[in-house]
Enquirer: 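Quick one: the structure is below, and I'll ask about it shortly.
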Amino acid sequence: VNEGVGAALPRKEDDRFLRGRGCYVGDIRFPGMLEVAFLRSPVAHGVIRAVTAPAGARVYTMDDLVGVQPIRAPSSLPGFRRTDQWPLARGRVRQVGEPIAMVVAPTRAEAEDVLDAIALDIEELPAATDMLAHQAGPPVHEGWPDNVVLHTLVEDDLSDVAAPIVVRRRLRTARQHMAPLEGRGVVARWDPRLAQLEMHSSSQMVHVTKTGLAECLGLPEAAVRIISPDVGGGFGYKGILLQEEVAIGWLAQHLGGTALRWIEDRREALSAQANCREHHYDIAVHADAEGRILAIDCEAHVDAGAYSAYPFSACLEAAQIASILPGPYVVPRYRCRTWSVATHKPPILPYRGVARTGVCYALETTLDAVARRAGISPVELRLRNLPGPKAMPYVNVTKKIFDSGDYPESLRRAASAIDAAGFGERQRAARAEGRLIGQGFATFCEQGAHGTSVYHGWGIPFVPGAEACQARLTADGGLELRVGVHSHGQGMETTLAQVAHEVLGVPVAAVRLVHGDTAMTPYSTGTWGSRSAVMAGGAVAAACEELRRRVLGMGAHLLQADAAEARFEGGEVRAGGASIGVAEIARVFHRAPQNLTEAMQAEGLECTMGHKTLRDTGTFSYATHAVEIALDAATGRVALTRYVIVEDGGVLLNPLVADGQVLGGTAQGIGTALLEEMPFDAAGQPLASTLADYLLPGATDVPDIEILHMETPSPISRFGQKGIGESGAIGPPAAIVNAINDAIAHLGREATDLPATPERILAALA
Amino acid sequence: MKAAAYELVRPATREAALERLAGESVKPLAGGQSLGPAMNLRLLRPAQVVDVKRLPGLRQVVEAPGFIRYGAAVTHAEIEDGVVPDAAEGLMRHAARGIAYRAVRNRGTLGGSLAHADPSADWPSVMVALGATIVALGPAGERRIPAEGFMRAPFVTALAPGEIIVAVEVPRIAPGTRWGHCKINRKTGEFAQAIGIAVAAPRRLLLGAVEAPPVLVRAVAEAEAALPWLDAPARTRAGVALARAVAMMEGA
């Protein structure tokens with residue numbers, strides 16, 4: 001049985017997950033553990049006059065947290081305005097839900113009783129809630145002349161572009177919440193023996209959190225250990241350093257050993273914690289009469305919320321819009337201006353797909369309008385504008401290097417699979433019966449595993465360098481892999497074992513992945529940006545290659561063969577007619593080292609190796625989503641009747657895992673397209689604080705999704721693999737709204753804003 | 001969030017339950033699918049919660065010639081699964097299947113839903129459409145209240161303080177009687193934005209989930225005019241739901 005790269009192995013970790021034996025932060029208990037709850041701001045903008053705690057209660061405010069520094073996530077981009085996010089509000093609150101005080105009690109219910117008994121005197125002030133009114137609203141931070149966190153320009157004078165077709169659209173994507181099944185959670189205690197804060201936190205980037213936490217608490221990094229156990233979904237939500245982590249870390253240190261626990265509840269998650277995705281686009285596409293793009297001109301706003309969240313900062317989203325708006329296309333001329341705007345709402349942070357979901361929506365829906373104007377099909381328009389396989393590697397207008405692939409072929413296969421050619425006839429027949437049906441397409445590419453050269457330019461609190469793996473052969477022939485990324489749905493306990501098997505021949509069952517613990521793993525920026533399969537996969541290969549070199553030397557020595565004649569094959573060292581397996585070599589090294597040379601003993605069977613891709617500008621996976629919908633004109637409800645995805649993720653480490661990633665992301669993208677919306681009123685109050693108001697896609701909202709794979713190797717990654725972790729979440733809003741617009745185009749109507757709710761569709765049809 | 005402190009009592013007899021329910025700051029608990037979240041969000045803070053679902057008779061189903069009497073603590077899932085008989089030729093099973101999701105249906109009860117009186121819930125509409133009778137128990141004994149008019153306003157019922165629902169009597173409709181049901185909502189299992197129910201005999205056309213007690217009309221054409229308190233899109237939606245229910249009933 002092939003267990004190496006490309007094998008469709010069932011996931012090792014599912015044995016515990018499917019039996020309900022995963023261990024999450026909420027499962028961790030310590031004797032005498034106390035519960036923490038937070039008093040949160042009831043207003044979006046206000047000045048705290050007094051916090052009066054009931055007698056005898058254990059209540060802490062920022063005044064108690066002496067020496068603790070605010071969370072700061074600046075960018076070095078020119079003009080970026082910095083924010084101080086105190087772990088507990090200091091004098092002023094800038095969003096509903098901002099922590100004001102921390103309460104400790106034996107149970108969460110008792111802690112909430114104390115919250116009820118605290119008298120909070122707060123003067124409410126007018127709130128800034130409209131990102132387009134960044135010059136008009138009350139300043140979110142004192143001393144700011146306006147609410148612009150950062151303004152970026154990609155300048156080009158487009159006045160000489162004489163285009164017969166100019167299509168301009170104003171489009172909006174809703175503010176969303178990432179809504180992982182498991183929310184945030186912290187269990188922390190001070191370990192007096194190690195003089196170390198031990199914090200268990202549901203996190204996707206433990207090392208970055210450790211650095212930020214140590215800075216805020218004024219502790220040496222060695223005095224902080226972050227452990228992230230099983231995590232029920234990350235999506236970016238588990239990437240940021242929380243005010244709660246800082247406050248609890250301080251208190252755990254000061255209690256000297258008592259464990260503290262805070263488990264975020266759904267209401268806190270929905271009403272108080274970070275959001276994502278709120279963009280506004282004013283986009284114009286200039287095209288020739290045949291639909292070839294001549295220029296794109298865009299002004300984009302991002303509602304960044306009240307604070308620059310650590311570590312990605314308040315500018316990443318808008319700056320990314322400017323750099324990726326041209327999508328997968330050949331775009332000769334390009335101008336884009338962006339504004340990251342502070343408002344009295346929770347901070348925005350990157351959600352699966354980051355800005356790509358919004359950018360893809362803006363460009364792809366506008367391109368369909370261009371196709372209608374040019375009188376050609378959406379498929380034909382895209383084929384006329386995508387770079388072909390001979391153009392690869394293709395450097396686009398914003399200097400992105402598309403590494404490999406056949407972009408038009410993904411579209412042709414999707415169009416064929418969904419019968420685009422025969423659809424017009426079916427659509428006419430349906431209309432004749434009074435039914436509205438439509439087809440929509442979205443083609444996009446996804447930069448993944450982009451590294452140092454891309455990130456150091458942002459000047460934010462972290463820059464990814466080489467990714468490291470520590471590999472260790474044990475005396476029984478087992479292999480431990482220690483990695484600084486975190487697997488929380490990506491299946492890395494399986495795929496990284498497959499990589500190790502590919503290189504070192506150790507059975508997948510004998511490979512153990514250690515991850516999610518700063519004390520046990522080499523430094524890493526963690527799991528984000530569709531990077532782990534490429535970066536950690538490459539690191540595991542590098543470490544296993546080094547072990548293979550050492551094993552080969554030891555094996556040759558044990559076989560009394562010349563090292564030059566020995567070879568590594570089939571998981572063993574062979575020389576002449578003799579052979580010795582990796583497990584036997586590992587046994588000799590640990591238990592009979594006298595049989596090896598001094599140098600071999602010194603070198604050992606444990607190593608840490610770093611990996612970078614051949615060029616750190618990222619792998620570019622790409623995909624076409626094709627969807628068919630039926631629109632109920634009386635209710636405005638949309639049914640997804642076909643969904644086809646053609647995806648090129650390069651060489652797939654494990655096709656089952658890749659499918660799982662694409663399916664999960666697509667479900668989230670369907671939520672973005674049709675359901676999910678975090679509205680705020682003019683006073684900055686969140687209006688969706690329960691899951692009865694914030695609608696997530698359920699099983700009945702996700703159709704059977706057909707995935708077709710192309711596998712064009714990336715020339716820059718170790719096995720040709722590409723990052724695809726976010727891909728599924730990028731395409732659905734564009735493809736689905738394009739299908740809606742196709743269904744109603746003959747009525748001269750168009751949907752513009754996400755999510756495409758029944759109310760919005762009925763309004764478009766009215 | 002966690003509920004404020006409360007005392008949970010599980011009386012063994014109806015008399016003991018009524019005694020408890022006569023107190024101050026008391027809430028009866030059946031399946032807890034509405035009361036539980038409201039208490040956890042601390043929107044409700046009863047001092048005492050009286051678990052009534054184990055009271056004698058509340059899980060009982062009695063088949064009479066002209067009607068079926070369902071104990072109030074019969075669950076949505078038991079109706080959905082056909083564990084209990086359906087007095088309405090499948091309409092009750094059909095409606096039960098559309099309530100929230102299975103975990104809620106496993107615990108939520110017929111009587112609890114009616115007593116909670118959320119206009120967008122299912123049973124308040126279905127029971128009016130079927131001309132059911134609600135059996136209430138209070139200090140003065142049992143009394144029978146027509147489902148039509150039982151909901152006075154959103155979350156307000158004809159129950160007197162200290163009274164609970166113990167059963168629902170649903171008249172049998174004749175074998176082969178056609179019916180139609182249409183629930184419009186954002187996604188499967190979500191609260192209804194409109195409910196239309198049509199029963200052929202005795203003929204009833206009902207508009208439910210109208211931010212008020214359900215409304216009976218004689219014809220689809222009357223629907224929008226019968227709902228003057230709703231905004232225009234909601235009126236239209238209600239009319240669509242009823243029209244589709246009628247179409248389903250008529251086999252169109």
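A note on names: the letters A, B, ... follow the listed sequences, proteins ahead of strands, and every chain is numbered from 1. The structure presented is a predicted model; accordingly, all values stated were derived computationally and were not measured.
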Enquirer: I'd like to know whether CZ of A:Arg266 has more than 12 heavy-atom contacts from other residues, nucleotides or ligands below 6.0 angstrom.
Expert: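 It does: A:Arg266 CZ has more than 12 such atoms within range.
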Enquirer: Check each atom of B:Ala3 against the heavy atoms of chain A and say whether the ones under 4.5 Å are side chain, backbone, both or neither.
Expert: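 For B:Ala3, backbone heavy atoms alone lie under 4.5 Å from chain A.
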Enquirer: Nearest heavy-atom pair of A:Asp116 and B:Arg45: which atoms, and what distance?
Expert: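 So the minimum-distance heavy-atom pair works out to OD2-NH1, 2.8 Å.
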Enquirer: Above 12 or not: heavy atoms from other molecules or residues under 6.0 Å from OH of A:Tyr24?
Expert: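 Yes, OH of A:Tyr24 has more than 12 neighbouring heavy atoms, counting only those of other groups under 6.0 Å.
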Enquirer: Determine, step by step, whether A:Arg637 and B:Asn185 satisfy the side-chain contact (heavy atoms from CB on, under 4.5 Å) criterion, reporting the C-alpha distance in whole Å, the side-chain angles of both residues, the deciding distance to 0.1 Å, and the verdict.
Expert: CA-CA 9 Å; A:Arg637 201 166 152 164; B:Asn185 52 8; 3.3 Å; yes
Enquirer: Which pair of heavy atoms, one from B:Arg244 and one from A:Asp632, lies closest together, and at what distance?
Expert: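 Reported closest heavy-atom pair: NH1-OD2, 2.5 Å.
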Enquirer: Taking OH in B:Tyr6 as the centre, count heavy atoms belonging to other residues, nucleotides or ligands within less than 6.0 Å. Is the count above 12?
Expert: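 For B:Tyr6, atom OH is not crowded (no more than 12 foreign heavy atoms under 6.0 Å).
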Enquirer: Is B:Arg237 close to A:Glu759 at the side-chain level, that is, under 4.5 Å between some pair of heavy atoms?
Expert: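 In contact.
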Enquirer: Which heavy atom in A:Leu674 sits nearest to a heavy atom in B:Arg186, and how many Å separate them?
Expert: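 That would be O-NH2, 2.9 Å.
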Enquirer: Could you tell me the separation between the CZ atom of A:Arg267 and the CG atom of B:Asn40, rounded to the nearest 0.5 Å?
Expert: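 Reported value, rounded in 0.5 Å steps: 11.5 Å.
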Enquirer: Take a 6.0 Å sphere around NZ of B:Lys27 and say whether it holds more than 12 heavy atoms from other residues, nucleotides or ligands.
Expert: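 Open: at most 12 neighbouring heavy atoms sit under 6.0 Å from NZ of B:Lys27.
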Enquirer: Is the CZ atom of A:Arg29 crowded by more than 12 outside heavy atoms at less than 6.0 Å?
Expert: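 Atom CZ in A:Arg29 is crowded, with more than 12 foreign heavy atoms closer than 6.0 Å.
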Enquirer: Assess whether a salt bridge exists between B:Lys2 and A:Asp113, defined as any Lys/Arg side-chain N lying under 4.0 Å from an Asp/Glu carboxylate O.
Expert: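 No, this pair does not count.
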Enquirer: Measure across B:Arg42 and A:Ala109 and return the closest heavy-atom pair with its distance rounded to 0.1 Å.
Expert: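 Distance-wise, the nearest heavy atoms are NH2-O, 3.0 Å.
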Enquirer: Measuring from A:Thr700:OG1 to B:Tyr101:OH, what's the distance to the nearest 0.5 Å?
Expert: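 Spacing of OG1 (A:Thr700) from OH (B:Tyr101) equals 13.0 Å.
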Enquirer: What's the separation between atom CD in B:Gln193 and atom OG1 in A:Thr635, rounded to the nearest 0.5 Å?
Expert: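 Rounded to the nearest 0.5 Å, the CD-OG1 separation comes to 9.0 Å.
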Enquirer: Decide if atom CG of B:Asp231 counts as having more than 12 heavy atoms of other residues, nucleotides or ligands within a radius under 6.0 Å.
Expert: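 Count over threshold, so yes.
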